[in-house]
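The sequence lines fix the lettering, A, B, ..., with proteins before strands; numbering per chain opens at 1.
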2 protein chains.
Amino acid sequence: MVAEKSASYRNTTQRAIILAEVESYDGHLTAGEIFERVRRQYPTIAYGTVYRTLHLLAEHGLIQELTFADQASRFDKRVERHDHVHCTDCGIIVDVDVPVALMARHVAEEQSEFTITSHHTVFNGLCRTCQGARNTGLRAASISVRAG
Amino acid sequence: MVAEKSASYRNTTQRAIILAEVESYDGHLTAGEIFERVRRQYPTIAYGTVYRTLHLLAEHGLIQELTFADQASRFDKRVERHDHVHCTDCGIIVDVDVPVALMARHVAEEQSEFTITSHHTVFNGLCRTCQGARNTGLRAASISVRAG
DNA sequence: GTCTATGCAAAACGTTTGCAGATAT
DNA sequence: ATATCTGCAAACGTTTTGCATAGAC
């Protein structure tokens with residue numbers, strides 16, 4: 001995918017690498033994690049550049065910025081609206097798509113008198129691994145699993 | 001409401017004031033805002049005490065901690081599960097209750113194979129005031145309005 | 001009297017920014 | 001050529017923490 005250029009968007013090496021890094025990862029990286037990964041390919045990259053670029057890419061709709069209860073923003077190559085399930089034990093975040101939530105939007109509009117343009121639901125609970133670990137008394141490692 | 005005491009919960013003056021402050025406010029204060037308010041009554045209070053106490057009160061279920069896209073945690077006297085509508089113009093946050101969202105939980109459980117224990121939806125859009133301001137070309141001040 | 005909580009101050013985070021020099025256009 | 005971007009480094013706001021003292025029980 002090529003970046004759509006709005007007024008004065010310059011295609012720099014750094015931006016290309018940062019975008020490629022987010023697009024090559026199937027999950028929800030923090031800006032810090034992206035910085036570390038980009039630095040392996042381009043050691044002189046600055047933290048500030050990564051932050052600025054990630055927000056720029058998000059504004060251009062090329063990636064999506066997500067916010068969870070922990071403090072760090074996460075970035076996702078998936079730009080379509082979707083929701084997330086978060087394991088309170090191991091911290092893994094898994095994508096889900098909950099069409100029912102679209103109905104909730106109208107209810108929220110009626111209650112609040114807002115004009116609603118987007119919404120995001122975070123579900124908290126235990127992933128399969130941590131459910132099992134709980135039964136055996138063990139603690140699950142942070143194993144990457146994604147909802148199908 | 002009196003704090004339920006678990007093992008080694010001490011009723012201190014500071015804790016009582018902090019709890020009373022959250023319970024007397026009808027909205028979503030940040031920890032910093034709560035600190036400022038508590039300090040008017042109890043000028044020697046420390047930031048650290050406010051933070052520690054707010055989390056303690058949240059763990060005990062006396063207040064609720066909420067996280068939005070901006071960085072600061074907010075604290076709410078409402079402990080029942082509910083959702084929020086956020087105005088992207090003026091930043092106001094309004095409570096809503098979206099029972100439909102309960103159905104979404106089962107869908108999310110099936111898709112993720114998680115055992116889900118809680119969920120929270122944030123809707124983004126424009127409040128009535130900012131809708132009006134947009135029409136007239138004016139910018140709305142941050143006026144407190146709550147959904148009925 | 002003992003054990004926990006507070007106040008203080010420093011540090012740990014994630015994030016943002018001003019600026020001079022480098023680079024895309 | 002020039003307007004924008006990068007790298008650097010410092011600053012910012014929120015949150016956490018170590019430690020000695022004060023206070024609840």
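Between the side chains of His82(A) and Asp76(A), at least one donor-acceptor pair of N or O atoms lies under 3.5 Å. Donor-acceptor pairing under 3.5 Å is lacking for the side chains of Asn124(A) and His120(B). No donor-acceptor contact under 3.5 angstrom links the side chains of Thr49(A) and Gln14(A), judged on distance only. Between the side chains of His28(B) and Asp95(B), a donor-acceptor pair is found at a separation under 3.5 Å.
Close placement of the Phe68(A) and His84(A) rings is indicated, their centers lying within 6.0 Å of each other.
In this structure, Arg52(A) reaches the bases: a heavy-atom distance under 4.0 Å links it to at least one base atom across the strands shown. No engagement by Phe35(A) is indicated, since no non-hydrogen atom pair under 4.0 Å with the nucleic acid exists.
We find that CD1 of Ile18(A) is positioned 8 Å from P of dG7(D), with the value rounded to whole Å. Rounded to whole Å, the distance from CZ on Arg15(A) to C1' on dA22(C) is 14 Å. The distance between atom CD1 of Ile45(B) and atom C1' of dA22(D), rounded to the nearest whole Å, is 14 Å. Taking atom CG on Asn11(A) and atom P on dT6(D), their separation rounds to 11 Å, with Å as the unit. Whole-Å rounding puts the Glu33(B) CD to dT14(D) C1' distance at 13 Å. For the pair Leu54(B) CG and dA5(C) P, the interatomic distance rounds to 15 Å; values are reported in whole Å. Separating the CG atom of Leu66(B) from the P atom of dT14(D) is a distance of 16 Å, rounded to the nearest angstrom.
Taking 3.5 Å as the limit, the base of dT4(C) and the side chain of Arg10(B) contain a donor-acceptor pair of atoms between them.
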Below 3.5 Å is the cut-off: list the nitrogen or oxygen pairs between protein and nucleotides 12-16 of chain C, distance only.
from    : atom 1 : to       : atom 2 : distance (Å)
dT15(C) : OP1    : Ser73(A) : N      : 2.8
dT15(C) : OP1    : Ser73(A) : OG     : 3.3
dT15(C) : OP2    : Tyr51(A) : OH     : 2.6

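Residue Gln14(B) has no polar side-chain atom (N or O) positioned under 4.0 Å from OP1 or OP2 of dG23(D). Here Thr12(A) does not reach the OP1 or OP2 of dC5(D): none of its side-chain N or O atoms lies under 4.0 Å away.
Residue Thr117(B) comes nearest to Arg105(B) through the heavy atom pair O-NH2, 3.1 Å, listed as atom of the first residue, atom of the second, then distance. The two residues Asp26(A) and Lys77(A) have their closest heavy-atom pair at OD1-CE, 4.1 Å.
Under the 30°/60° scheme for interplanar angles, the aromatic rings of Tyr51(A) and Tyr47(A) are found to lie parallel.
For the helix from dG1(C)-dC25(D) to dT25(C)-dA1(D), the terminal axes (five pairs an end, C1' atoms, rotation from four pairs onto the next four) enclose an angle of 40°, given to 10 degrees.
For CZ of Arg128(B), the number of neighbouring non-hydrogen atoms (other residues, nucleotides, ligands) closer than 6.0 Å is 12 at most.
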